[in-house]
Amino acid sequence: MRLTLLGSGTSVPDPHRGSCGLLVQVGNSAWLIDGGSGTLQRCSAAGIDPRTLAGGIYSHHHPDHCADLVPLLFSMRVGPPPRRRDYPIWAGQGFADFFERLTAAWGKWITPGRGQIVIHELPLDGGATRDLDNLVLHTQPANHGASALHLRLEADGAAIVFSGDTGPSEALARLAHNVDLLVCECAAPDSDPIPGHLTPSDVAAIADAARPRELWLTHLYPGVDASAAIATVARTGVAVRRAADLDAWGSGP
Ligand SMILES: [Zn+2]
Ligand SMILES: [Zn+2]
């Protein structure tokens with residue numbers, strides 16, 4: 001399993017960091033995890049034509065996590081050649097309603113070529129497990145809005161957890177227990193917390209409880225001092241760093 005961070009930034013425009021997105025590759029299959037603006041270009045830069053993705057997995061449907069869905073589906077429609085197979089999406093309950101409203105606005109322009117969108121909704125009142133071919137997805141509800149989930153991906157004997165956006169969450173600590181890599185949001189400074197998001201001290205508490213082998217900080221809004229955040233989390237003894245766009249982890253194609 002190989003993970004490439006496509007967007008390590010936030011909703012604030014940044015010349016070096018796009019909105020949230022991750023690419024997970026297992027064998028010849030590639031999945032897009034979230035997909036804020038800029039992730040299509042980053043996906044191409046990572047060597048994957050987004051029109052060939054096996055599917056999409058969304059932590060939630062705030063714009064900084066899914067704004068590239070419309071251009072992604074449009075690219076599948078126009079080709080060349082047009083996509084010939086369905087495009088499956090896994091996301092929390094409420095995503096189908098969200099997508100219905102997108103379809104009301106964009107109509108046929110977001111029908112992916114000759115395939116269909118197939119939305120698999122996941123529960124918001126407890127955990128779930130789905131088998132996606134050679135990738136296993138576990139989810140837990142996150143402490144955030146917009147149908148938010150924590151995502152755990154397992155393949156090739158390795159496990160990765162992505163926090164999505166979340167406030168402090170015991171479910172995240174449990175899901176990330178002893179995981180190989182935890183990609184964790186750190187949107188707000190300790191001095192000015194944002195409801196529904198994590199501060200460096202919150203991330204440290206989760207790291208201390210979960211003991212991931214490695215932790216990448218992402219989604220730092222400009223008010224967060226990255227060096228101080230890394231130092232706060234590093235006090236737990238967990239290996240931590242701030243992720244950058246196109247950082248890659250694991251092995252594979
Ligand atoms: Zn959000
Ligand atoms: Zn966000």
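For ligands, and for the atoms within them, numbers begin at 1 and follow the listed sequence.
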Is the distance from the Zn ion (ligand 1) to some N, O or S atom of H65 under 2.8 Å? no

The Zn ion (ligand 2) - name of the N/O/S atom of [X] that sits closest to it:
{"X": "H219", "value": "NE2"}
{"X": "D165", "value": "OD2"}
{"X": "D64", "value": "OD2"}

Considering only heavy atoms from C-beta outward, does the side chain of [X] approach that of [Y] to under 4.5 Å?
{"X": "R77", "Y": "W109", "result": "yes"}
{"X": "Y221", "Y": "V12", "result": "yes"}
{"X": "I206", "Y": "D208", "result": "no"}
{"X": "R213", "Y": "L181", "result": "no"}

To the nearest 10 degrees, could you say what angle the Zn ion (ligand 1) makes with ND1 of H62 and NE2 of H144? 90°

H60 atom (N/O/S) at minimal separation from the Zn ion (ligand 1): NE2

Taking the six-membered ring of W216 as reference, does the NZ or CZ atom of R241 fall below 6.0 Å from its centre and within a 45° cone about the axis? yes

